[in-house]
Novice: 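If you scroll down you'll find the structure; I have some questions about it.
Order of listing sets the numbers, starting from 1, for every ligand and every atom in it. Numbering starts at 1 and runs along the sequence shown. What you see below is based on every heavy atom in this structure, not just the backbone, and it leaves out hydrogens, waters and symmetry mates.
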Amino acid sequence: MPLIDDAISLPKDQIPRQWLNVLPHLPVPLGPYKAPDGSDLPPAALEAIFPPNLVDQEFSDQPIIAIPEPILEAYAMWRPTPLVRARRLEKALGVKSRVYYKNESLSPSGSHKSNTALAQAYYNKVAGVSRLATETGAGQWGTALAIAARWFDLGIRVYMVKVSLDQKPYRRTIMNLMEAEVLASPSQMTNAGRAALAKDPNSPGSLGLAISEAVEEAASRSDTNYALGSVLNHVLLHQTIIGQEVKLQLALANETPDCLVACHGGGSNFGGLAVPFVLDVLKGQKTEILAAEPTACPTLTKGAYGYDYGDTARLTPLMPMYSLGPDFVPPSIHAGGLRYHGASPIVSSLIKSKIASPVAVSADEAYRYTRLFAQSEYIVPAPESSHALAIACQKALAWEKEGRVGVVVFVLSGHGLLDLSAYESPLP
Ligand SMILES: *Cc1c(COP(=O)(O)O)cnc(C)c1O
């Protein structure tokens with residue numbers, strides 16, 4: 001009996017050797033970043049905390065940017081990742097449509113964040129920086145950057161939101177194995193942290209505060225830069241490796257996608273999937289591109305488009321994006337990576353010009369499809385990824401009702417093996 005391989009694997013030597021920059025193609029060009037007084041911020045201002053090569057990428061007008069060899073070598077640890085036909089999930093749903101998932105959970109950190117972490121560590125290394133400072137919420141980004149810092153021999157300090165550190169200590173274990181220094185935020189290390197502790201010695205911390213601590217450290221030390229895991233243009237650029245591989249793999253399977261889905265926190269895995277298909281859509285290809293966000297943090301479906309700060313402390317520049325406002329505190333949900341008040345300016349522009357559309361999904365609904373996926377494909381998805389999974393399943397079910405057969409692809413942005421508490425204890 002012939003055995004069916006549901007994974008469409010690309011050979012190692014077919015890892016895409018470039019990233020795709022969507023900036024020159026956006027129908028509505030992005031406005032400049034702005035200072036708090038409303039004046040345009042010169043790109044060089046970002047060099048206080050980022051290396052010049054990443055600042056160049058942030059505002060680049062080059063449609064294609066070559067991936068340097070040392071980053072390709074690092075990517076080759078786990079890339080190309082398989083695109084898998086979820087045949088048993090289709091059967092469990094009772095649909096004739098074809099459902100595929102791009103498995104980004106196979107990276108060393110267990111999520112797509114390694115794609116940009118390795119690139120950012122490399123560009124800091126070649127710029128002569130010796131240390132990185134960053135923040136992390138649930139720990140996915142901190143883990144990815146700790147591994148990347150180890151690979152490129154950089155020191156790293158991670159400010160981890162205190163309440164998350166207490167609830168999810170295992171990612172700290174991995175970061176410590178990589179010799180990263182992990183501090184509970186608020187910490188005694190920075191003015192922002194000391195001020196927060198003076199106000200409330202038992203402060204649980206927040207992502208906004210942890211960002212403030214990491215940025216303060218990077219701005220005050222010449223040997224140290226800051227790194228961000230989502231939202232910014234250069235982060236989305238690095239993630240376009242995902243969509244490029246998907247495109248090659250769909251071509252191998254003779255498929256044209258009717259619908260592409262990724263979950264949306266700050267926009268990086270969504271942008272990474274979408275960008276390589278945006279040019280096709282602009283040329284008239286009928287592919288629906290959906291960003292799945294939680295109903296508890298409805299940035300794209302309910303937020304306003306305009307200039308806003310990226311963090312609670314208002315330390316970042318003002319960026320043009322969909323936002324619920326920097327003071328919006330999303331309710332506690334298990335998908336910690338989707339609890340962000342803003343959105344990437346690139347994704348915001350794609351939504352604004354209707355190239356892509358947002359959809360909100362409730363935690364209950366996401367959990368329902370998590371169980372179905374786990375019981376049919378035998379993988380525990382990250383709580384974030386389950387939002388994309390749910391929308392993809394609902395799409396296939398809707399097609400079935402219409403008597404239509406389609407092709408839907410979603411990104412499994414990470415596995416949930418370090419988020420098992422999320423699947424044990426329902427939130428209030
Ligand atoms: C961080 C994270 C997300 C959300 O971030 P984006 O920038 O929106 O992609 C989604 N899934 C996983 C597994 C994550 O770690």
Side-chain angles (χ1 to χ4, degrees), residues 81 101-117 120 134-147 160-161 164 168 171 174-175 207 210-211 227-243 260-275 290-294 296-300 310 321-322 330 333-348 350-351 356 358-359 361 366 370 373 379-391 410-420 422:
T81 62
Y101 62 92
K102 177 67 167 163
N103 193 349
E104 290 297 305
S105 80
L106 299 173
S107 80
S109 67
S111 82
H112 68 287
K113 291 201 171 73
S114 287
N115 297 328
T116 186
Q120 293 191 46
T134 197
E135 76 289 333
T136 196
Q140 287 108 319
W141 170 241
T143 305
L145 197 65
I147 293 169
M160 184 165 181
V161 178
S164 309
K168 300 191 175 174
R171 283 213 173 80
I174 304 177
M175 291 187 263
L207 201 55
I211 293 178
L228 189 65
S230 186
V231 180
L232 297 175
N233 301 343
H234 67 264
V235 180
L236 266 72
L237 174 78
H238 304 151
Q239 296 294 356
T240 59
I241 188 99
I242 301 174
L260 302 167
V261 193
C263 66
H264 184 277
S268 75
N269 89 93
F270 174 77
L273 173 70
V275 161
L290 299 178
E293 65 180 11
C297 188
T299 310
L300 300 173
M321 62 181 182
Y322 281 95
I333 52 171
H334 287 307
L338 305 185
R339 289 179 75 232
Y340 181 60
H341 71 271
S344 112
I346 288 177
V347 171
S348 298
L350 295 177
I351 302 275
V359 215
V361 55
T370 293
F373 186 73
I379 294 176
V380 182
E384 291 86 358
S385 317
S386 66
H387 290 71
L389 157 71
I391 295 298
F410 72 92
V411 179
L412 185 74
S413 53
H415 66 65
L417 294 178
L418 290 168
D419 303 283
L420 293 180

Novice: Going by the atom numbers of ligand 1, which of them fall below 4.0 Å from some non-hydrogen atom of H112?
Specialist: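 So the answer, numbered in order with elements, is 2 (C), 3 (C), 9 (O), 10 (C), 11 (N), 12 (C), 14 (C).
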Novice: Can you check whether K102 reaches T81 side chain to side chain, under 4.5 Å on heavy atoms?
Specialist: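 In short, these two side chains touch, coming nearer than 4.5 Å.
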Novice: Quick one: nearest non-hydrogen protein atom to atom 3 (C) of ligand 1, plus distance?
Specialist: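 Protein heavy atom at minimum distance: K113 NZ, 3.6 Å.
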Novice: Should L338 and C263 count as side-chain neighbours, where that means a heavy-atom distance under 4.5 Å?
Specialist: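 Yes; the side chains approach each other to less than 4.5 Å.
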Novice: Would you mind telling me if ligand 1 is within reach of the side chain of H264, the backbone, both or neither, using heavy atoms under 4.0 Å?
Specialist: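 It is the backbone that gets close, since no side chain atom is under 4.0 Å.
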Novice: Consider side-chain hydrogen bond (donor to acceptor under 3.5 Å, both in side chains). Of S105, S268, S111, S385, which one does S413 pass it with?
Specialist: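 Only one option passes, and that is S385.
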Novice: Would E384 count as a polar contact of ligand 1, with the cut-off being nitrogen or oxygen pairs under 3.5 Å?
Specialist: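 So ligand 1 has no N or O lying under 3.5 Å from an N or O of E384.
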Novice: Taking the side chain as every heavy atom from C-beta outward, state whether N103 and I379 have any atom pair closer than 4.5 Å.
Specialist: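 Side-chain contact under 4.5 Å: yes.
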Novice: So do the side chains of I174 and L418 get within less than 4.5 Å of each other, counting heavy atoms only?
Specialist: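 I174 reaches L418 side chain to side chain.
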Novice: For a 4.5 angstrom cut-off between non-hydrogen side-chain atoms, does H387 reach V261?
Specialist: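 No; the side chains remain at least 4.5 Å from each other.
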Novice: Would you mind reporting whether D419 and R171 have side-chain heavy atoms less than 4.5 Å apart?
Specialist: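 Answer yes - side chains close enough.
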Novice: What residue among N269, T116, N115 forms side-chain hydrogen bond (donor to acceptor under 3.5 Å, both in side chains) with Q239?
Specialist: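 The passing option is N115.
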Novice: I'd like to check which ligand 1 atoms, numbered from 1 as shown, lie under 4.0 Å from a non-hydrogen atom of G337.
Specialist: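 Reading through ligand 1 atom by atom, the close ones are 4 (C).
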Novice: What protein heavy atom lies closest to atom 8 (O) of ligand 1? Include the residue and the distance to one decimal.
Specialist: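 It is G265 N, 2.7 Å.
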Novice: Using a 4.0 Å cutoff against the non-hydrogen atoms of S230, which atoms of ligand 1 qualify?
Specialist: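 Per the distance check, 6 (P), 7 (O).
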Novice: Does an N or O anywhere in G267 fall below 3.5 Å from an N or O of ligand 1?
Specialist: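 Yes, there is a polar N/O contact under 3.5 Å.
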Novice: Within a distance under 4.0 Å of any heavy atom of G414, pick out the atoms of ligand 1 and give their elements.
Specialist: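 Matching atoms, with element in brackets: 13 (C).
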Novice: Got an N/O contact under 3.5 Å between C263 and ligand 1?
Specialist: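 There is no such contact.
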Novice: Which residue owns the protein heavy atom closest to atom 11 (N) of ligand 1, what's the atom, and how far is it?
Specialist: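 Nearest neighbour among protein heavy atoms for atom 11 (N) of ligand 1, to 0.1 Å: S413 OG, 2.7 Å.
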Novice: Taking C-beta and beyond as the side chain, do V347 and H264 meet within less than 4.5 Å on heavy atoms?
Specialist: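 In short, these two side chains touch, coming nearer than 4.5 Å.
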Novice: Could you tell me whether some N/O pair between S268 and ligand 1 is separated by less than 3.5 angstrom?
Specialist: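 Between S268 and ligand 1, an N or O pair is found under 3.5 Å apart.
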Novice: Please check whether F270 reaches ligand 1 - meaning an N/O of the residue sits under 3.5 Å from an N/O of the ligand, judged on distance alone.
Specialist: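 Looking only at distances, the answer is no, because the N/O contact criterion of under 3.5 Å is not met.
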